[in-house]
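The structure under discussion appears below in the form of structure tokens.
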Amino acid sequence: MSTARTAEHPVDPQFTERWSPRGYTGEALPREQLMSLLEAARWAPSASNQQPWRFVWALAGTPAFDAIHAGLMAGNQGWAAQASALVVVLSVRSQVPAGQTEPKANPWASFDAGAAWMSLALQARASGWDTHAMGGFERTVLDAALQVPAHMAIEAVVAIGRRGDPAVLPEALRAREQPNARLPLAALAAEGRCDFGA
Ligand SMILES: Cc1cc2nc3c(=O)[nH]c(=O)nc-3n(C[C@H](O)[C@H](O)[C@H](O)COP(=O)(O)O)c2cc1C
């Protein structure tokens, strides 16, 4: 563990021990294991329990994996090819609330989908797997490939795999293959008003 991950206050180690590698072994991810990760995501909290998260998943070696991979930006395509699975996280931007008939915009859809992705990431780590979220994808390509309906939006693509030897990575990525740091808590949390320093 890098010293970049020293907590300022006591936390469960799962929070500092999760990080996003790019070097993966390519080991096959059992379908049941993937379901366990998605199950963790299912139990995330959401505004009015609307559960505005959806997941399109694909295991390595399948046409579905290739289609999602083809929608990644070039910088992600290289390393993500070694992932064991790719999961596209979508949010439901508008839906019909319980007891109503008209669809209503959900302003918390992204917030809630983010909570679900984090649950997936922490469950993956607890199961000996790693995750790496990517905002670097071609939206028009993935929207078409996945037939994303108008009331949903892709939030990110998540690579899942077993952390591997950084030596498989190109030099520039190899140097970054370690846990990174965080802003000090004082720059992120303030009492009573937005006093976060400069
Ligand atoms: C929404 C989102 C989008 C991201 N997009 C990319 C990406 O396109 N490519 C990449 O290599 N990493 C991407 N990352 C990974 C972040 O750079 C990484 O999470 C951040 O540096 C913190 O490091 P850690 O996850 O190892 O703790 C993304 C992460 C998130 C949450």
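For ligands, and for the atoms within them, numbers begin at 1 and follow the listed sequence.
- Side chains of Glu27 and Ser84: no donor on one and acceptor on the other come within 3.5 Å.
- Under the side chain to side chain contact (heavy atoms under 4.5 Å, CB included) test applied with Pro21, the options Leu173, Leu169, Asp130, Thr131 reduce to a single match, Asp130.
- The two residues Gly128 and Arg162 come nearest to each other via the heavy atoms O-NH1, 2.9 Å.
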For ligand 1, list every N/O pair with the protein closer than 3.5 Å, one pair per line with the distance.
residue  : atom   : partner : partner atom : Å
ligand 1 : 5 (N)  : Gly135  : N            : 2.7
ligand 1 : 8 (O)  : Asn76   : ND2          : 3.0
ligand 1 : 8 (O)  : Gly135  : N            : 3.3
ligand 1 : 8 (O)  : Gly136  : N            : 3.0
ligand 1 : 9 (N)  : Asn76   : OD1          : 2.9
ligand 1 : 11 (O) : Arg22   : NE           : 3.0
ligand 1 : 11 (O) : Arg22   : NH2          : 2.8
ligand 1 : 11 (O) : His132  : NE2          : 3.3
ligand 1 : 12 (N) : His132  : NE2          : 2.8
ligand 1 : 14 (N) : Ala133  : O            : 3.0
ligand 1 : 21 (O) : Asn180  : ND2          : 3.0
ligand 1 : 23 (O) : Asn180  : OD1          : 3.2
ligand 1 : 23 (O) : Asn180  : ND2          : 3.0
ligand 1 : 25 (O) : Arg18   : NH1          : 3.1
ligand 1 : 25 (O) : Arg18   : NH2          : 3.3
ligand 1 : 25 (O) : Ser20   : OG           : 2.5
ligand 1 : 26 (O) : Ser20   : N            : 2.8
ligand 1 : 27 (O) : Arg5    : NH2          : 2.6
ligand 1 : 27 (O) : Arg18   : NH2          : 2.8
ligand 1 : 27 (O) : Arg182  : NH2          : 2.7

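- In terms of modelled atom types and a separation under 3.5 Å, the side chain of Gln33 and the main chain of Arg31 share no donor-acceptor contact.
- Qualifying side-chain contact (heavy atoms from CB on, under 4.5 Å) partners for Ala41, counting only residues two or more places apart in sequence or in other chains: Phe55, Ala116, Leu120.
- With no hydrogens or angles considered, no side-chain donor-acceptor pair links Asn180 and Gln178 at under 3.5 Å.
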